[in-house]
Structures are given as structure tokens and as C-alpha cells.
Amino acid sequence: METSLPADKFYNPFQEAVRFLIESAEDGGVYGLGGSAQSFLIAAAVRGGPRTIVLVTPDGEAASKAAIDVRFYLGEEEVVRHPLQDQVI
């Protein structure tokens, strides 16, 4: 007989990160995610609340890849990519 424990009895860092992105009154970020975890977290935060989520990438190639990944979870209409127009020196 298989017994499962209630999910609310365990600390879930993914849910904490989503909650932070949705509810935090401060600007902030989540760092160190690899693979599709970043895109999945962004999609979960967008679906979880009315806030706008901004993902900053180091270059246009990374931005294009991230947009494709997030669109996989949210759909084409939910993701807007704004190319860099100004450079900070």
C-alpha cells in the first residue's frame, strides 16, 4: 500500500520562489537556475498573479532562447521581447 504525505508538510523552494516573484513588494530576483527551470518558474509566476515579470539576459541570443522557452509554457501571445536599444558604458 502506497502512502503519500501531504505536500504542505514540506518546504518547497520552487513554490517559495514563485510566491516571492508574485507577492514581493520589493524588486528582486531568483538566480542560479539551470535548464528549463528558469522558464518554468517565470511561467508559473505569470500564471500565479497579475504582476509583470521582467527577465534580463546578458545578450540578444540569450534573450531569444529564453523567450522561446517561456513561450513553450505560456504561449506566443504572453511573451514580449524588447531588444536592447541603448548601451550603458
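Considering all non-hydrogen atoms of both residues, R81 and A63 come closest at NE-CB, 3.4 Å. S39 and D69 get closest at one heavy-atom pair: OG-CB, 2.9 Å. Summarising the geometry of A44 relative to I22, their closest heavy-atom pair is O-CD1, 4.5 Å, with the distance given to 0.1 Å.
Scored by the side chain to side chain contact (heavy atoms under 4.5 Å, CB included) test, I68 finds no partners at all (sequence neighbours excluded). Shown here are the salt bridge (Lys or Arg N to Asp or Glu O under 4.0 Å) partners of R47, two or more places apart in sequence or in another chain: there are none. Residues passing the side chain to side chain contact (heavy atoms under 4.5 Å, CB included) test with A37, sequence neighbours excluded: L33. Listed by chain and number, the residues in a side chain to side chain contact (heavy atoms under 4.5 Å, CB included) with E76 are R71 (sequence neighbours excluded). In terms of the salt bridge (Lys or Arg N to Asp or Glu O under 4.0 Å) criterion, residue partners of E61 (sequence neighbours excluded) are, by chain and number, K65. By the ring-ring contact (aromatic ring centres under 6.0 Å, His included) test, Y73 is found to be paired with F40, residues two or more places apart in sequence or in another chain being considered.
By the 4.5 Å heavy-atom criterion applied to side chains, V70 and Q38 are not counted as neighbours.
V54 belongs to a hydrophobic cluster whose remaining members, ordered by chain and number, are V56; membership requires side-chain heavy atoms of ILVMFWY residues under 4.5 Å apart, directly or through intermediates.
With values rounded to the nearest 0.5 angstrom, L21 atom CG is found 5.0 Å from I53 atom CD1. To the nearest 0.5 Å, atom CD1 of residue I42 and atom OG of residue S36 are 11.5 Å apart.
Residue pairs meeting the ring-ring contact (aromatic ring centres under 6.0 Å, His included) criterion with at least one partner in residues 45-67, sequence neighbours excluded, do not occur; the list is empty.
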